[in-house]
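Scroll down for the structure; my scribbles are underneath it.
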Amino acid sequence: MEAAFKRKIYVDLIKAFGIIFVILGHANFANDYVKEWLYSFHMPLFFFATGLTLKISKIDKVYVCKKIQVLCVPFLIWELIYSGYSLNKMPLLLYGSYWSINKGGSLGSLWFLPTMFCALIYVQLLLKIKNKVLLCLGMVVLFLGGVYIPHISRGYFWCADVAFMAAFFILCGFFFEKNKKQFSKKKLTVLAILSFLGTLLFLLDPLNETEYVLMADRRFGNPVIFLIVALAGCLMTYFVAKLIECESRVIKILSYIGMNSLIIFITHKPLLVFFRKFFSVIAGVPWFLELLVIVLGVLTIELLLTYFINKFAPALAGKNCSK
């Protein structure tokens with residue numbers, strides 16, 4: 001019975017790398033190319049990782065209640081915390097679009113939670129289709145919908161539009177996991193390098209002349225380049241995770257970070273503000289050293305923070321308080 005619930009360590013590692021990429025992207029203030037590279041795939045990576053562990057389920061009361069506990073409850077609690085418990089802004093917060101969350105004075109990064117909720121519903125509905133051709137067509141519709149559904153100023157309720165693209169990457173991870181092969185270390189290394197080179201195609205995207213990909217706002221630039229680079233980034237991280245899965249002493253720390261990536265994703269921005277204020281009074285520190293200290297400092301504090309949240313306030317992490 002225990003084997004049936006054995007964690008996939010490489011998935012935790014992928015999520016750990018993902019959240020490190022997010023912190024690097026948010027902390028970076030000096031190198032636009034690094035930021036643009038990270039943003040070209042770091043959010044699709046989380047949805048891809050979700051697909052690696054996805055199980056086909058009925059959308060029944062049990063399934064919906066579980067997703068409400070894991071995604072919706074933390075979303076609403078953290079919205080209130082970041083908005084300063086401003087009840088008069090509740091209509092905006094409950095609307096749950098990227099625009100409305102920011103407009104309500106809360107943390108914009110919370111868009112990820114309603115997006116994941118809607119995306120998982122889309123995925124489970126699409127997986128009811130047994131015909132492979134129709135299923136592939138459905139994935140194409142998800143991708144094109146994520147790119148071309150008309151924008152509206154206040155965004156769609158609960159990021160229902162962004163969830164199309166999120167669902168696409170969840171399904172990519174799901175089908176990759178179902179059809180994956182076992183590779184030697186040598187092949188994994190080669191595949192990781194090739195995937196990394198694929199991510200460098202982000203330099204060809206005209207969007208990067210002025211800004212970067214922002215999935216929350218459905219800002220993808222050239223759809224073809226975005227698709228190639230995002231999938232290449234997902235595969236690169238997957239192959240690297242498989243390479244180091246059983247090799248290093250830091251695996252336990254990375255695995256812990258991956259298991260708690262949601263709470264780190266939600267809480268790291270205030271820590272970034274603290275470190276930036278700290279470095280604002282210190283002159284002459286090279287940007288790359290400052291960036292390294294900020295990232296390591298944030299992760300160190302997050303290790304302590306996630307421990308206390310899991311122990312004393314698990315609902316904030318989408319976990320069952322009774323366990």
Side-chain angles (χ1 to χ4, degrees), residues 1-12 14-15 18 43 46-81 90 93-97 101 110-132 134-135 138-139 141-142 145-146 156-178 255-256 258-266 306 309-323:
M1 180 67 71
E2 291 183 0
F5 295 98
K6 186 177 179 180
R7 294 190 69 90
K8 296 178 178 179
I9 300 300
Y10 59 92
V11 176
D12 288 333
I14 290 170
K15 291 180 179 179
M43 289 315 303
F46 283 102
F47 297 108
F48 182 86
T50 297
L52 296 176
T53 59
L54 183 75
K55 305 296 182 185
I56 300 178
S57 303
K58 292 181 179 179
I59 306 178
D60 54 14
K61 182 180 179 180
V62 174
Y63 181 83
V64 172
C65 287
K66 179 64 175 177
K67 298 309 171 189
I68 289 174
Q69 173 194 317
V70 172
L71 297 168
C72 303
V73 171
F75 172 64
L76 295 172
I77 293 175
W78 284 106
E79 271 199 312
L80 284 173
I81 292 173
M90 279 304 293
L93 300 178
L94 290 174
Y95 189 75
S97 72
I101 295 169
L110 291 170
W111 71 271
F112 177 79
L113 294 167
T115 299
M116 180 67 83
F117 180 83
C118 293
L120 287 170
I121 299 299
Y122 296 167
V123 166
Q124 294 297 349
L125 287 173
L126 195 62
L127 287 175
K128 303 300 180 187
I129 300 174
K130 302 304 179 183
N131 185 288
K132 292 183 179 180
L134 291 178
L135 192 53
M139 288 184 66
V141 170
L142 285 174
Y156 288 74
F157 179 74
W158 270 54
C159 298
D161 57 334
V162 187
F164 276 81
M165 189 64 75
F168 171 80
F169 283 106
I170 291 173
L171 286 168
C172 287
F174 175 74
F175 288 116
F176 178 82
E177 184 72 5
K178 284 189 66 174
S255 182
Y256 180 83
M259 286 188 286
N260 292 281
S261 59
L262 177 61
I263 198 66
I264 297 173
F265 184 82
I266 293 172
T306 53
I309 287 177
N310 286 326
K311 187 173 181 64
F312 299 109
L316 293 176
K319 298 177 181 178
N320 194 332
C321 299
S322 62
K323 292 184 179 181

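Quick note: residue numbers are just sequence positions, from 1. Reckoned from all heavy atoms, side chains included, excluding hydrogens, waters and symmetry mates.
- In this structure, Leu171 and Leu127 have side chains that are in contact, with non-hydrogen atoms separated by less than 4.5 Å.
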How far apart are the C-alpha atoms of Phe117 and Ile68, what are their side-chain angles, what is the distance that settles it, and do they pass the side chain to side chain contact (heavy atoms under 4.5 Å, CB included) test?
CA-CA 8 Å; Phe117 180 83; Ile68 289 174; 4.1 Å; yes
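- With rounding to the nearest 0.5 angstrom, the CD1 atom of Ile101 is 10.5 Å from the CG atom of Leu94.
- Judged purely by atom type and a 3.5 angstrom limit, Lys8 uses its side chain to pair as donor or acceptor with the backbone of Leu52.
- Less than 6.0 angstrom separates the ring centroid of Phe112 from the ring centroid of Phe47.
- For the pair Val64/Lys67, no side-chain contact is recorded, criterion being any heavy-atom separation below 4.5 Å from C-beta on.
- The shortest side-chain heavy-atom distance between Arg7 and Thr53 does not fall under the 4.5 Å cut-off.
- Contact annotation: the side chain of Met165 never approaches that of Leu142 to less than 4.5 Å [non-hydrogen atoms, C-beta and beyond].
- Of all the heavy atoms in Ile170 and Ala119, the pair that sits closest is CD1-CB, 3.8 Å.
- Of all non-hydrogen atoms in Pro74 and Leu113, the two that sit nearest each other are C-CD1, 4.3 Å.
- By the 4.5 Å heavy-atom criterion applied to side chains, Thr50 and Val123 are not counted as neighbours.
- Sparse packing is recorded around NZ of Lys61, with 12 or fewer heavy atoms of other residues, nucleotides or ligands lying under 6.0 Å away.
- Applying the side-chain hydrogen bond (donor to acceptor under 3.5 Å, both in side chains) test to residues at least two apart or on different chains, none of the pairs has a partner in residues 111-121.
- Between the side chain of Glu177 and the backbone N or O of Ala49 there is no donor-acceptor pair closer than 3.5 Å.
- Side-chain contact between Cys118 and Phe157 is absent, with no heavy-atom pair separated by less than 4.5 Å.
- Listed here is the closest heavy atom pair of Pro114 and Cys159: CG-SG, 4.3 Å.
- Looking at residues two or more places apart in sequence or on another chain, you find a side-chain contact (heavy atoms from CB on, under 4.5 Å) between Ile309 and Trp78, Ile263, Leu305, Leu316, Ala317.
- Counting all heavy atoms, side chain and backbone alike, Phe175 lies closest to Leu135 at CZ-CD2, 3.3 Å.
- Leu262 places none of its side-chain heavy atoms less than 4.5 Å from the side chain of Lys15.
- Not counting sequence neighbours, the partners of Cys172 by the side-chain contact (heavy atoms from CB on, under 4.5 Å) test are Phe48, Met139, Phe168, Leu231.
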Checking side chain to side chain contact (heavy atoms under 4.5 Å, CB included) for the pair Leu120/Leu54: CA distance, chi angles, key distance, verdict?
CA-CA 9 Å; Leu120 287 170; Leu54 183 75; 4.0 Å; yes
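- Ring geometry, Phe164 versus Tyr122: the interplanar angle falls from 30° to 60°, so the pair is classed tilted.
- When side chains are defined from C-beta on, Tyr63 counts as touching Ile121, because their heavy atoms get closer than 4.5 Å.
- When every heavy atom of Phe46 is checked against every heavy atom of Gly18, the shortest pair comes out as CZ-C, 3.3 Å.
- Shortest non-hydrogen contact noted between Leu71 and Met116 is CD1-CG, 3.7 Å.
- With rounding to the nearest 0.5 angstrom, the CD1 atom of Ile266 is 9.5 Å from the OG atom of Ser261.
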